[in-house]
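Keep in mind that the numbers below use all heavy atoms, side chains included, and drop hydrogens, waters and symmetry copies.
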Amino acid sequence: MKNYSKKKYQGKNNKEYKKNANSSEKNERLLNNSAKNKNYVNLNKKDKNNTSSSLTRRKPIFKSNTEFSNKKSKSQEEFTSKKNFDDWIWGKHSVYEALISQRAINRIWCTSEIFSSDKFYILLKELKLKGVLIEEVSWNRLSQLTYGASHQGVALQLACSKTISLEKLIDISKHNCANPIILALDGITDPHNVGAIIRSAEAFDCKGIIIPQRRSAGLTGTVAKVAAGALEHLQVSRVVNLNRALEMLKKNGFLIVGLSGDGQLSLSNFSEKVPLVVIVGSEDKGISLLTQKKCDFLLSIPLKGKTSSLNASVAAAISLFHLTRK
């Protein structure tokens with residue numbers, strides 16, 4: 001009986017133990033699942049927070065990008081507005097009226113249709129012979145130059161001063177002056193240099209300046225500003241071909257003198273007192289080889305320092321000072 005009771009008791013205990021074990025396992029599973037669910041919820045909250053924080057972080061970045069694009073567009077507008085169109089005229093009727101009124105013109109851009117038209121052909125040919133630079137360009141190129149304006153195939157840039165013919169310049173230079181000096185520019189494209197040379201030329205009583213049609217800056221607003229009023233008191237002749245102009249000057253008794261760093265004769269040793277044409281070349285290339293052949297003398301400015309060359313306007317001022325003091 002005792003053994004039977006013990007077995008029965010033990011069986012009951014075992015069954016209760018198993019029930020308790022099963023219930024405890026269920027509880028643990030529930031706890032684990034609830035913990036996992038809590039973690040999942042927390043993770044979702046974290047993800048939401050992260051996404052919201054990332055969105056809040058991205059917002060100022062998006063703003064900065066828009067601000068950058070706005071700044072870029074503003075800078076482009078400022079760049080286009082900096083281009084001075086005060087001395088520009090475009091459109092068929094406006095340009096035609098400017099041409100027949102004989103206004104001082106620096107440069108003309110036109111399409112081939114405009115150049116060959118009955119209305120413009122004769123006027124443009126005459127201006128080209130007078131030294132005005134005329135370029136035939138495409139419609140797209142002209143739109144780029146005028147920043148998309150309604151140009152109708154033609155545009156021009158006015159000059160700050162009228163130019164005269166070479167024949168008239170020779171006559172004016174010899175009037176009441178035994179030994180006049182005329183400056184000729186060869187390949188000087190920087191308007192600041194041209195303006196500074198004009199200022200020096202007028203200060204040292206030069207009778208005029210010769211500017212070639214190509215490879216040279218015209219009489220633009222920048223040139224007039226740098227010249228500081230000297231352009232109003234100095235005659236300028238714009239020629240189609242510089243070398244042909246030098247030949248004409250030689251026939252009229254002028255001596256052709258070129259400024260060159262390779263010149264064998266020093267400027268301080270030059271003592272000729274005759275009508276002179278002084279040629280000033282660009283800083284990088286100097287006087288062209290073909291123009292050097294037209295020169296009677298090539299003069300050099302003696303330099304004592306380590307600098308091998310001078311600015312074109314400075315060289316012109318020094319040479320004019322030496323040539324006019326004798």
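Judged purely by atom type and a 3.5 angstrom limit, R141 has no side-chain atom pairing as donor or acceptor with the backbone of W109. No side-chain donor-acceptor contact under 3.5 Å links R238 to the backbone of I211. Judged by distance alone, the side chain of D296 and the main-chain N or O of I256 form a donor-acceptor pair under 3.5 Å. The main-chain N or O of L234 is never found under 3.5 Å from a side-chain atom of E202 such that the two would form a donor-acceptor pair. A distance-only check finds a donor-acceptor pair linking the side chain of Q213 to the backbone of K128 [under 3.5 Å].
More than 12 heavy atoms of other residues, nucleotides or ligands lie within 6.0 Å of NZ in K174, so this atom counts as buried by the packing criterion. K119 NZ: more than 12 foreign heavy atoms inside a 6.0 Å radius.
L290 belongs to no hydrophobic cluster with other residues, because no ILVMFWY side-chain heavy atom falls under 4.5 Å from its own, directly or through intermediates. Hydrophobic cluster membership for V154: I89, V95, Y96, L99, I100, I105, I108, I114, F115, F120, Y121, I122, L123, L124, L127, V132, I134, L156, L158 (Ile, Leu, Val, Met, Phe, Trp, Tyr linked by side-chain heavy atoms under 4.5 Å, directly or transitively).
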Atom pairs and distances, side-chain donor-acceptor, residues 161-169, under 3.5 Å, sequence neighbours left out:
| residue | atom | partner | partner atom | Å |
| --- | --- | --- | --- | --- |
| K162 | NZ | Q102 | O | 3.4 |
| S165 | OG | K168 | N | 3.3 |

Could you list the donor-acceptor pairs under 3.5 angstrom formed between side-chain atoms of residues 244-251 and any protein atom two or more places apart in sequence or on another chain?
| residue | atom | partner | partner atom | Å |
| --- | --- | --- | --- | --- |
| E247 | OE2 | K294 | NZ | 2.4 |
| K250 | NZ | K294 | O | 2.8 |

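Residues I210 and V278 fall into different hydrophobic clusters, defined by Ile, Leu, Val, Met, Phe, Trp and Tyr side chains chained together at heavy-atom separations under 4.5 Å. Clustering ILVMFWY residues whenever any of their side-chain heavy atoms sit less than 4.5 angstrom apart, transitively, puts I301 in the very cluster that holds I181. Put simply, I287 and I188 are part of two different groups of oily side chains (I, L, V, M, F, W, Y) that touch within less than 4.5 Å, one to the next.
In terms of the side-chain contact (heavy atoms from CB on, under 4.5 Å) criterion, residue partners of S313 (sequence neighbours excluded) are, by chain and number, N193, A196, I197, N311. Among residues two or more places apart in sequence or in another chain, the side-chain hydrogen bond (donor to acceptor under 3.5 Å, both in side chains) test is passed with S200 by none.
A pairwise comparison of heavy atoms in S150 and W90 identifies O-CD1, 3.8 Å as the closest pair. Residues L142 and A155 approach most closely at CD1-CB, 4.0 Å, considering heavy atoms. Across I279 and C295, no two heavy atoms sit closer than the pair CD1-SG, 3.8 Å. Taking both residues in full, the closest heavy atoms of V280 and A312 are given as CG1-O, 3.7 Å, listed atom of the first, atom of the second, then distance. Considering all non-hydrogen atoms of both residues, T220 and P191 come closest at OG1-CB, 4.1 Å. Across all their heavy atoms, S288 and D186 have their closest contact at N-OD2, 3.0 Å.
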Worked verdict on L298 versus D262 for side chain to side chain contact (heavy atoms under 4.5 Å, CB included): CA-CA 8 Å; L298 286 176; D262 299 327; over 6 Å; no
Test log, rule side-chain hydrogen bond (donor to acceptor under 3.5 Å, both in side chains), inputs H151 and S143: CA-CA 7 Å; H151 51 75; S143 297; 3.0 Å; yes
Pair F254-I170, side chain to side chain contact (heavy atoms under 4.5 Å, CB included): steps then yes or no: CA-CA 10 Å; F254 282 85; I170 292 172; 4.2 Å; yes
Stepwise side-chain hydrogen bond (donor to acceptor under 3.5 Å, both in side chains) check, S266 with S268: CA-CA 5 Å; S266 175; S268 57; 3.0 Å; yes
From CA spacing to verdict: side chain to side chain contact (heavy atoms under 4.5 Å, CB included), L267, L323: CA-CA 8 Å; L267 178 64; L323 295 171; 4.1 Å; yes
